[in-house]
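So you know, we letter chains A, B, ... as the sequences are listed, proteins then strands, and number each from 1. Just so you know, these numbers use all the heavy atoms, side chains as well, and skip hydrogens, waters and symmetry mates. As the structure is a prediction and not an experimental result, all values here were calculated from the model.
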There are 2 protein chains.
Amino acid sequence: MGITKTQIFDQQQNELAQFFKILGHPARIAILQYISKQNTCICNDLVEEIGLAQATISQHLKELKSIGLLQGEIEGKSMCYCIDIDRWTALQKNLNSFFNTTKKNCC
Amino acid sequence: MGITKTQIFDQQQNELAQFFKILGHPARIAILQYISKQNTCICNDLVEEIGLAQATISQHLKELKSIGLLQGEIEGKSMCYCIDIDRWTALQKNLNSFFNTTKKNCC
DNA sequence: TTTTGTTATCGTAATATTGCGATATTATAA
DNA sequence: TTATAATATCGCAATATTACGATAACAAAA
């Protein structure tokens, strides 16, 4: 065992969990916050700013890309990452919908 | 390695990531949805409803309790779980605040 | 072409998570 | 008291995640 039994859950539950999971690491939170603070886009600065190895940052970026939150553009020899606005807004809507429909029935 | 370097992030980032992480499993999403669907509170039904072993469900409930989302009350020989409304609302606010302050500056 | 700077990927070690059977624990019912 | 039912915890196996060094890939600069 050790493998999540995704097949017993529906697509909405799996997708939602996947979003939450990817956001569930402080480095990825920090990356999103840093990108959003800059007017201009980010490349290697994240390595210095955050203090993880370049390979590690690259891996985190890849995961954020995997749910469509980040877009990357080649800019010379460096990479310019930015947040995908539409995706960002859609995700926020999604999560709010989960919070709102999961009503607060109590004992 | 393998251990998350929490010490290089601030408390807000770690806490936020922790919330996301705990919500980042389909079983825990399903548990929250199921509890919220019932007028009355839940006990052992989750085991049948969700289809994971009792030990596994109990573990997931423990994690949801760890961030304060669930409250449990002893009711006879069974356990009655419910969503903590205040906590739920506070968490939603928190996440929305993250989404809103992480502005959408793009390349 | 060679060098340099930047990012991605591979391989690996350390740790965490998931899931479950077995076994406590605890409270009601008999 | 003894049995029963519900939940929690322990211990383990399988898998996933995190982090990083080494190295590949690639584009601009020399």
Checklist line | Reading 5' to 3' through nucleotides 1-9 of chain D, protein heavy-atom contacts under 4.0 Å coded B for base, S for sugar-phosphate only, - for none | finding: ----SSBBB
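Annotation: side chain to side chain donor-acceptor pair (under 3.5 Å) contacts of A:K62 (sequence neighbours excluded): none. With sequence neighbours excluded, the residues forming a side chain to side chain contact (heavy atoms under 4.5 Å, CB included) with B:T4 are A:H25, A:P26, B:T6, listed by chain and number. Annotation: side chain to side chain contact (heavy atoms under 4.5 Å, CB included) contacts of B:K77 (sequence neighbours excluded): none.
Between the CG atom of A:L46 and the P atom of C:dA8 there is a distance of 11 Å, given to the nearest Å. One atom, CD1 of B:I57, and another, C1' of C:dT17, lie 15 Å apart when rounded to the nearest Å. As a whole-Å value, the separation of B:K5 NZ from C:dA14 P is 15 Å. To the nearest angstrom, C1' of C:dT17 lies 20 Å from CZ of B:F20. For A:I8 and C:dG19, the CD1 to P distance is 7 Å, given to the nearest whole Å. If you take CD1 of B:I22 and C1' of C:dT17, they are 11 Å apart, rounded to a whole angstrom.
Nearer the 5' end of DNA chain C, as judged by each residue's closest nucleotide, is the contact made by B:K21, out of B:L52 and B:K21. Each of B:T4 and A:T4 has a nearest nucleotide on DNA chain D; the 5'-most of these lies closest to A:T4.
Applying the side chain to side chain donor-acceptor pair (under 3.5 Å) test to pairs two or more places apart or on separate chains, none has a residue in residues 45-58 of chain A. Sorted by first and then second residue, the pairs that involve residues 13-23 of chain A and meet side chain to side chain donor-acceptor pair (under 3.5 Å), not counting sequence neighbours, are A:Q11-A:E15, A:Q13-B:Q33.
Nearest heavy atoms, B:I35 versus B:C82: CG2-CA, 4.2 Å.
In this structure, the ring of B:W88 has its center no less than 6.0 angstrom from the ring center of B:F19.
Contact annotation for A:I74: no contact, since no heavy-atom pair falls under 4.0 Å across all strands.
Within the 4.0 Å cut-off from OP1 or OP2 of D:dA19, at least one side-chain nitrogen or oxygen of A:H60 is found. The shortest distance between the side-chain N/O atoms of A:H25 and the OP1/OP2 oxygens of D:dA19 is below 4.0 Å.
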